[in-house]
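For the numbers below, each heavy atom of this structure counts, side chains included, while hydrogens, waters and symmetry mates do not. What you see is a predicted model, and the numbers here were worked out from it, not measured in a lab.
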Amino acid sequence: MRLSQMLFVTLREDPAEAEIPSHKLLLRAGYIRRIGSGIYAYLPLMWRVLKKVSQIVREEMDATGAQECLLPQLQPADLWRESGRWDTYTQAEGIMFAMTDRQQRELGLGPTHEEVITTIAKDMIRSYRQLPLHLYQIQTKFRDEIRPRFGLMRGREFIMKDGYSFHTNEESLKKTYQDMAQAYSNMLRRSGLQFRAVDADSGAIGGSGSQEFMVLAEAGEDEVLYTEDGQYAANVEKAVSMPADAEPSPFATFEKRETPGTETIDKLCKFLKCSPTQVVKNVLYQAVYDNGMTVLVLVSIRGDQDVNQVKLLNELTKLAGNYQAKTVLFLTVPDAEAQRKWAAKSLPLGYIAPDVADDYIAGGKEVNSKFLRLVDRTAVDLTNFVTGSNESGYHVVGANWDKEFPLPATVVGVRTAKKGDRAVHNPEQTLQSARGIEVGHIFQLGTKYSQAMGATYTSEQGEEMPFVMGCYGVGVSRLAQSAVEQSYDKDGIIWPVAIAPYHAIISIPNISDAQQVEVAEKLYAELNQSGIETLLDDRDERAGVKFKDADLIGIPYRIVPGRSLKVGKVEVVERATHKSQEILVDEVNSTLKQWIESAIK
């Protein structure tokens, strides 16, 4: 492609809308253009990158025996109601674009395709002899993000590979799951990315186990906790660890003390001269279930620990049946406005005790009239601890469970693991922290969808059995941008060779120089013919402008037919290192071919 004929416009300044380096660079370099909030056009250079990423994904999926298909983006709401996820996706998470057609039928734009694929399996797979089966697709998905940001990282429309496998048993599922773990590692390695596979929370997808594939980058939205021995890595939402040991309490007897202005743990510990490890803090949450029931949740946890809301949400989902519900729609810390809807009287916020009376709740048809009391494991064994008194400006010290306060019946593990904690598998290992961009996620779904939707096969014994399922996703457009976030410098993008839009760019310093143009045209034809994808910058621009643009768009190798032509050579600059060397014109093809093959092995 000749740059003079390409839709190619670069910007010298960072666009105001862009927040992270990769978003700024993709806009500046003319790869994408914003059409609306979270909606981007993929311009010619970006589309070449996306096709290369898709091809790597496709090759690795096909190698496992998975079969490619294409599923509808419009999905009937009835399918999602069968699985029980319509309310979760349209109300709780609120990420599905929902609409009504002219016949008043409800539809959704697919953020994922479990319901559709399960329906297909239900209709077409009859016998165990047809299993295992693995289908995948690469297509556009939609999410109604509350706050679209970071370009292609968190958009409302994006390209994704999603695959679904069907099995007769867990053993077969686990084999495919492991095959996918290897395939995903291959995809990221072949794309030239540094990554880490981590244990993850399954979220609204569900299932018994899942693993995320994180591209390591400072701008990553996710925190990854790992050990240096390589034996443990998890998203902070899922991570577990051993907290620091609690310090001995300085209080031997129970008493109520005036503690003015100590509504935070830090202020309280400074005032009482005690360790936060001897404080029981009581955190109030408001859960709204899918049947409209509001439940007030009081979590007692050690003062130096934080509640992990994802873990808490999972615990509350397990208890949904107690409230004749299926799932939690919302989980929040209730603000003053929310409290006015259910509070019978003003709560002593910052001074709540584990036994705060149920009569603070007005109750009613839609509000459970009793606090759901949970205690985190970190607080269970504390003795002579400090906690609230249910009176503003006062705390109690020297308190004990089942003496001054009843120990809540439900013990949970909802603390947030953090950097520096001891590892569960080896207490001599401490957790380290890194930032990551989630580009892939694999799930062991089990029978969650097949049971809910009545999707069965006939076993060898003639029984009707639900499919055992797996689910596997890769964000194709997100992966492409994460490559930029991981590899750039002050001059622009540094694409890995395997997914760069072109391998080389020939920059003619002076298009008025007949020899420069002749050599450039000769190399352009020769390189493209031999499979080296090459751009020709034949624009009537100054050499400096061309070199800056070549660096900005990140093409791995720049060829300059300049002053060295007098000795039969051209300058070749490696984008990643800025290293320059002069190569004989007749050896450029073979040299570049060797470099490219070496880079994409």
Inset, instruction - Compute whether any side-chain donor of one residue and acceptor of the other, for N235 and D199, lie under 3.5 angstrom apart. - result: no

Legend entry - Validation row, ring centre H134 to ring centre Y136 under 6.0 Å: no

Inset, instruction - Check the pair S241 / D421 against side chain to side chain donor-acceptor pair (under 3.5 Å), numbers first and verdict last. - result: CA-CA 6 Å; S241 64; D421 285 348; 2.8 Å; yes

Inset, instruction - Establish, from distance only, whether the side-chain atoms of S300 and N282 form a donor-acceptor pair under 3.5 Å. - result: yes

Legend entry - Polar contact flag, side-chain donor to acceptor under 3.5 angstrom, D266-T264: no

Inset, instruction - Indicate the ring-plane relationship of F385 and F405, choosing parallel, tilted or perpendicular according to the 30° and 60° boundaries. - result: parallel

Legend entry - Over-ring placement of K345 relative to Y360, 6.0 Å and 45° cut-offs: yes

Inset, instruction - Measure from the ring center of Y40 to the ring center of H23 and say whether it is less than 6.0 Å. - result: yes

Legend entry - Check: H113/K141 side-chain N/O donor and acceptor closer than 3.5 Å: yes

Inset, instruction - State plainly whether the residues D306 and K281 are in salt-bridge range, i.e. N to O under 4.0 Å. - result: yes

Inset, instruction - Verify whether one side chain among E391 and S389 offers a donor that lies under 3.5 Å from an acceptor in the other. - result: no

Inset, instruction - May I ask you to decide if the ring planes of F213 and Y184 are parallel, tilted or perpendicular, using 30° and 60° as cut-offs? - result: tilted

Inset, instruction - Please state whether the rings of Y89 and W80 are parallel, tilted or perpendicular, taking 30° and 60° as the class boundaries. - result: perpendicular

